[in-house]
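Numbering of ligands and ligand atoms starts at 1, following listing order. Small disclaimer: the values here were computed from a predicted structure and weren't measured.
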Amino acid sequence: MQFETKLLSSSETDIKEAAEIIIKGGIVGMPTETVYGLAADAENADAVAEIFKAKGRPQDNPLIVHIEDIADFEKYAKNVPDMAYKLAEKFCPGPLTMVLPKRDRIPDVTSAGLDTVGIRMPSHKAALALIRTSGKAVAAPSANLSGSPSPTTAAHVMDDMRGRIPAIIDGGSCPVGVESTVISFEGNAVRILRPGFISAEELSEFAEVIIDRHITEAAESGERVLSPGMKYKHYSPKANVTIIESSGTDYVKFVNSQGGEGVYAMPFDSDEKFCEIPCIPYGDSSEEQAARLFAALRKFDELGAKQVYARCPSKEGVGLAVYNRLLRAAGFEVKVI
Ligand code: AMP
Ligand code: MG
């Protein structure tokens, strides 16, 4: 192990300590409203390279740059369209990442060699304080080992990153629970590259919205995708996950006919009382499901689950983000009943 991995609070003193780590080119586990991130100085190529190592992340998967002031869009991006400012006025700070042409100060390692950069202003107080105190925009992917479910508590980050990074700021559970909505601009339209808490429905009040097909379809091998992260199997517990698309009654009937060692159900809360096999429910509303999905997937690992049957979430609003993460966790295995 290279580091002790200190757990910090979000007190002013601890944020200063974390900011010092960032200034010196180190990595800090950072709470945000979406999921925990691994933060490093976005302009320091060596520091960012260490993030890729700590996570075991493929080099062609770009990082999102986190800022604490909307005015900084111009500092890291050029040709920012008016629409970006309109959206920023409504949704920033918050879980919306905008992909824009990058300025040269963003090193290639941060953007994974693309000439664009994803930028967002988080709303979590500790994240904003870390960026402000360090005086650095931070590149921050989710703080999990590559391929594992994203972390929504400091304990999850510790499980994956103990010994790999010097410190984690404990900011409690992430209220949103799924990563930010990632969009790019195409004329007057916006394209959703990754669904998140800011839904297509909300964005469509401002612009025509195109939903990229890779949100719900697997990429063919070798196919170019606009959001590189979308081609990887992701968010996966060790168990095999199968999504069951059916009514609640048929879902319960199906899981009750399964059973066996290591077989679990992942129902809605309202199904739980009818399930006769062990289960970890993940909420009823899409918002609850977003907040609890990743913790539930991690729990299956702790329990040594071999097969998980998850009830298919709604595909509307925030539900699309939940469905997209679950599809990847399931390697696109959906059984329609
Ligand atoms: P994560 O850091 O794990 O939240 O993943 C960030 C994701 O945002 C990446 O996997 C990409 O899919 C997407 N992203 C970040 N920057 C860009 C960019 N410049 N162009 C397209 N997608 C991006
Ligand atoms: Mg991630």
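- Relative to atom 2 (O) of ligand 1, the option among Pro141, Gly113, Ser150 with the closest non-hydrogen atom is Pro141.
- Atoms of ligand 1 lying under 4.0 Å from any heavy atom of Leu114, numbered from 1 in the order shown and given with element: 18 (C), 19 (N), 20 (N).
- At least one N/O-N/O distance between Asn61 and ligand 1 falls below 3.5 Å.
- Under the side-chain hydrogen bond (donor to acceptor under 3.5 Å, both in side chains) criterion, Glu20 pairs with no residue at all, not counting sequence neighbours.
- Of all heavy-atom pairs spanning Val117 and Tyr76, the tightest one is CG1-O, 3.8 Å.
- No side-chain N or O of Ser142 forms a donor-acceptor pair with one of Glu179 less than 3.5 Å apart.
- Counting only distance, with no hydrogens or angles, the side chain of Glu89 and the backbone of Lys86 share no donor-acceptor pair below 3.5 Å.
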Sequence neighbours left out, cut at 3.5 Å: what donor-acceptor pairs do the side chains of residues 289-308 make with other protein atoms?
residue: Gln289; atom: NE2; partner: Gly283; partner atom: O; Å: 3.3
residue: Gln289; atom: NE2; partner: Asp284; partner atom: O; Å: 3.3
residue: Arg292; atom: NH1; partner: Asp269; partner atom: OD2; Å: 3.0
residue: Arg292; atom: NH2; partner: Asp269; partner atom: OD1; Å: 2.9
residue: Arg292; atom: NH2; partner: Pro281; partner atom: O; Å: 3.2
residue: Arg298; atom: NE; partner: Pro149; partner atom: O; Å: 3.3
residue: Arg298; atom: NH1; partner: Asp160; partner atom: OD1; Å: 3.2
residue: Arg298; atom: NH2; partner: Pro149; partner atom: O; Å: 2.6
residue: Arg298; atom: NH2; partner: Asp160; partner atom: OD2; Å: 2.9
residue: Lys299; atom: NZ; partner: Glu302; partner atom: OE1; Å: 3.2
residue: Asp301; atom: OD1; partner: Lys238; partner atom: N; Å: 2.7
residue: Lys306; atom: NZ; partner: Glu261; partner atom: OE2; Å: 3.4
residue: Gln307; atom: OE1; partner: Asn240; partner atom: ND2; Å: 2.9
residue: Gln307; atom: NE2; partner: Asn240; partner atom: O; Å: 3.4
residue: Gln307; atom: NE2; partner: Thr242; partner atom: OG1; Å: 2.9

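- Here is the list of ligand 1 atoms found below 4.0 Å of a heavy atom in Thr116: 18 (C), 19 (N), 20 (N).
- Coordination check, Asn144 versus the Mg ion (ligand 2): failed, since every N/O/S atom of the residue sits at 2.8 Å or beyond.
- Considering each of Gly118, Ala112, Pro62, the one bringing a non-hydrogen atom nearest atom 23 (C) of ligand 1 is Pro62.
- Counting heavy atoms closer than 4.0 Å to ligand 1, residue Arg194 contributes side-chain atoms (C-beta onward) but none from N, CA, C or O.
- Judged by the 6.0 Å distance and 45° axis criteria, Arg311 is positioned over the aromatic ring of Phe268.
- Using a 4.0 Å cut-off between heavy atoms, Arg57 contacts ligand 1 through its side chain alone, with no backbone atom that close.
- By the 3.5 Å distance cut-off applied to N or O atoms, Ser142 is counted among the residues near ligand 1.
- In this structure, the ring of Tyr309 has its center less than 6.0 angstrom from the ring center of Phe254.
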